Amino acid sequence: MLLGVNIDHVATLRNARGGKEPDVIQAAYICEQNGGTSITTHLREDRRHIKDEDVRTLIKTISTKLNLEMAMAEDIQKIALEIKPHSICLVPEKRQEITTEGGLDVAGQLDKVTEFIAPLLNAGIIVSLFIDPEKKQVEASAKTGAQFIEMHTGAYSEAYGTDKEEAEFQKLKTSAKLAQDMGLNVNAGHGLNYENVHRMHEIPGLYELNIGHSIISRAVFTGLPEAVRKMADLIK
Ligand code: PXP
């Protein structure tokens, strides 16, 4: 299993003072040096953390892969087509949310999603759809032409350690199997941390985990190299 490190919160901290530190480019470098196999950033419509110039610089400076999270917005699609990240992950986006709250409703807007990702696929960009672990979303995703899904692990993460954990975990396991049977590659992410991540090993064939908040939070106390290395070791 690979580790994509989401560095959005480094930009959140930088933007708190409006200056240049902490430097997101340096953060990406440190993540790569310590076991991160890709760098994930979410260019939100309100640009609350990562900014256009960040992704334009990251694409030139990182030595692994850039995974750009984005909503179905035309201006962001234009930037993706211009910078050509290794992959994009299509997410739903609401302006008032603190973080991505639910998965993308692919089943409810199959034509719209299929049309939106077509130019990205044609440009050679790998497309992943961030969906809840539900049969109808997996089945719809397989019809879009996307090569990957990323399963939303938020419900599992919240249920971890409670009597709801097993049910949430089984949804992930079943959905991953269905997706793989339908020819999709499977990533997972959201809310994963140093305690709950170990169960991802029980899902055969998971390709990459995208993890941000827990790593950057730990880095406040331990430093970023240790925080990334520890997570990379846990998921190896
Ligand atoms: N994957 C996606 C699609 C996300 O939107 C996020 C949050 O930005 C993550 C993974 C990482 O979640 P967390 O910050 O909780 O690790």
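It should be emphasised that the depicted structure is a prediction, and the values quoted were computed from it without experimental measurement. Start at 1 with the first residue, then count along the sequence. Remember, it's 1-based here, ligands and their atoms both numbered in the order they're listed.
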As an exercise, identify every atom of ligand 1 less than 4.0 angstrom from a heavy atom of N6.
8 (O)
Only distances under 3.5 Å count here; give the side-chain donor-acceptor pairs of residues 106-121 to other protein atoms, sequence neighbours excluded, each with its distance to 0.1 Å.
unit_1: Q109; atom_1: NE2; unit_2: D105; atom_2: O; d: 3.2
unit_1: T114; atom_1: OG1; unit_2: L110; atom_2: O; d: 2.6

Hey, are K136 and E139 close enough for a salt bridge, meaning a charged N less than 4.0 Å from a carboxylate O?
no
Are any of the N/O atoms in L192 less than 3.5 Å from those in ligand 1?
no
Close-contact set for ligand 1 against G191 heavy atoms, below 4.0 Å
12 (O), 13 (P), 15 (O), 16 (O)
Among H190, E69, M151, M231, closest by heavy atom to atom 2 (C) of ligand 1 is E69
Under 4.0 Å from any heavy atom of N210, which atoms of ligand 1 are there?
10 (C), 11 (C)
Check ligand 1 against E150 and write out every atom of the ligand that is under 4.0 Å from a heavy-atom position of the residue.
1 (N), 2 (C), 3 (C), 10 (C)
Applying ring pair (Phe, Tyr, Trp, His ring centres under 6.0 Å), which residue pairs with at least one partner in residues 57-84 are found, sequence neighbours left out?
none
Closer than 4.0 angstrom, basic N to acidic O: yes or no for R47 and D52?
yes
Any idea which heavy atoms bring E150 and C89 closest together, and the distance?
OE1-SG, 3.7 Å
Considering only heavy atoms of V91, which atoms of ligand 1 have at least one such atom less than 4.0 Å away?
3 (C)
Below 3.5 angstrom, do we get any N/O pair linking H213 and ligand 1?
yes
Please report the interatomic distance CD1(I203) to CG(L172), rounded to the nearest 0.5 Å.
5.0 Å
